[in-house]
Amino acid sequence: MPVSRDNERIKAFKNKGKDQEEMRRRRNDMQVELRKAKREEQMLKRRNIAAPPGENSGAGPVKTDMTIPELVENIHSNEPHLRLMATIAARSLVTDQSPLVDEVIAAGLLPRFVEFLSCVDHPELQFEAAWTITNVASGTRPQTQAVVQAGAVPILVKLLTSTDPRLCEQAAWALGNISGDGPELRDFVIRNGIVPPLISLIRPDTPLEHLRTLAWCLANVCRHRNPVPPMEVIGQVLPSMSQLLYHTDKHVVAEITWAFVYVTDGSDERIEAVVAAGVLPRLVVMLTASDPSLLIAAVRAVGNIVSGTDTQTQAVIDAGALNYFANLAMSDDKKIQKEVAWTISNITAGTQPQIQSVIDAGLVPPLISMLERNDYKVQREAAWAVTNLTAGGTKAQTMALVNHGVIEPFCKLLSIQDAKVIVVLLGGLGQILEASASYNRVDEVAVMIEESGGLDRIEELQDHPNKAVAHVAFHLICRYFSEGDNGADTANLNPEAGDSGFQFGAAGAAAGGLPNAGGFNF
């Protein structure tokens, strides 16, 4: 049967020794880029600068320019008024990122502020202490760790159940800063029980400013990899996340969409939990968002989901996401273009019906257009999308690329310096040539490659210092551009995206007389 032959072709060209669920690529370099970009667009930590109305009520005139020795003296005073004034003055010192934060820590004041968190008879002192701790925790990693070592986390978690809404929000703010520092402190905050009281604060009557803080804190609880948050925690927070995704405030929605980005940037189990939560239609609608931060988060969340199983990818297709990708691919924002190309590349790594969905949605012309862009990162992701299509698609689907003019931009990209991408490009050309044989178009496609300057470049690449590049170029020349056919098999030309790098089939390595110890790694 044709389907059976096509399945065998997938195994032969793309994933020797792998089943189709393992085909999806989560390249480490892409993940690093995404994490760097997230740091720019969604803040890990936040410093509370604005003073709320009535911040000093009951405190009287406050001297905010105390020296460190004066702070130490007054904070240890038996007079409640002096302790409050000193705490307010300390908060003023740590509002700006300055060396004074380290001086406050070095003076041993943090344990005293932590003690003040429990002064239920002095709510202003509690609030000012929480505010000071929040801003210290928004600083460097050693500063955040100093807050934790002072014993603040268990008390801050307890304050989430306070009857004072201001204190609840400030505690959530501080805990969000601590969780945002990294997976170790995030897990420490989780072990101290942040999740139940945090999600209990997400109510219809919660003030909007507070809800924004809670949504941001919740996102930081879901954040970070190596390790990711426990699956039990994800199960606890998903109902609240799903609820907030439909909120009318764009800031709340943006924060929670980032939370979905973090949750889906993991195992198929985590992706499935999000799909099962029924939020895909909402995420897809958000692909039309005008707010840049919200849009990039929505694109990444959808992109993460299609990096899962074929069933999860199909859920995205069924939700109508492909209808929006053509416009997104033509965005002026290169980050959006790159994310869209990456997302499409994971769809074209799926089943042949899913590849056909990409073609039917009119996404081949935008992909080819992205190959012609000046931005290398966009071109690289588009190259992956095209090569995945040639490797897993039918011959007719592969030839659709030729009919839309893929040859010339593919050949022009052969001049780049990245050996990984050169191998991807050569592999795609090899699959196109192989597919063209079924339509008696090999000579026609070979001429297209030659006229586009591709043949000259492939000949040069035979002498490339990277053995993998030289190997694929040599076999392409032997197979399609020489008078004799040495029987080289294009099944060995396409790289496998393995865990340790790009690898080639054993037969191809042996045919070229090249090492066969697990393939070529970059």
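All values derive from a computational prediction rather than experimental measurement. Basis for what follows: all heavy atoms, side chains included, without hydrogens, waters or symmetry-related copies.
- Judged by distance alone, the side chain of Asn74 and the main-chain N or O of Leu82 form no donor-acceptor pair under 3.5 Å.
- A donor-acceptor pair under 3.5 Å is formed between the side chain of Ser357 and the backbone N or O of Pro353.
- The pair Glu169-Arg166 does not count as a salt bridge, with every side-chain nitrogen at least 4.0 angstrom from each carboxylate oxygen.
- Residues Leu322 and Ile347 meet the side-chain proximity criterion, which asks for heavy atoms closer than 4.5 Å.
- Taking 4.0 Å as the cut-off between side-chain N and carboxylate O, Asp418 and Arg380 do not count as a salt-bridged pair.
- More than 12 heavy atoms of other residues, nucleotides or ligands sit less than 6.0 Å from atom CG of Asp205.
- Here CG of Leu211 is found 12.5 Å from NE2 of His251. Values are rounded to the nearest 0.5 Å.
- From Thr144, atom OG1 reaches atom CZ of Arg141 across 8.0 Å, with rounding to the nearest 0.5 Å.
- Donor-acceptor pairing under 3.5 Å is recorded for the side chains of Gln170 and Thr134.
- A donor-acceptor pair under 3.5 Å is absent between the side-chain atoms of Arg300 and the main chain of Glu339, judged by distance alone.
- In this structure a side-chain-to-backbone donor-acceptor pair under 3.5 Å is present from Ser92 to Ile88.
- Listed here is the closest heavy atom pair of Ile234 and Pro229: CD1-CB, 4.3 Å.
- How far OG1 of Thr87 is from CD of Gln126: 11.5 Å, rounded to the nearest 0.5 Å.
- The pair Glu124-Arg83 does not count as a salt bridge, with every side-chain nitrogen at least 4.0 angstrom from each carboxylate oxygen.
- For the atom pair CD (Gln379) and CD (Glu372), the distance works out to 9.0 Å, reported to the nearest 0.5 Å.
- Using a 4.5 Å heavy-atom threshold, the side chains of Arg282 and Val253 count as touching.
- The closest donor-acceptor contact from the side chain of Thr387 to the backbone of Ala383 lies under 3.5 Å.
- Paired with Gln337 under the rule side-chain contact (heavy atoms from CB on, under 4.5 Å), one option of Met330, Met370, Glu381, Lys377 passes, and it is Met370.
- A salt bridge between Arg225 and Asp265 is present, with a side-chain N of the basic residue lying under 4.0 Å from a carboxylate O of the acidic one.
- In terms of modelled atom types and a separation under 3.5 Å, the side chain of Arg112 and the main chain of Ile75 share a donor-acceptor contact.
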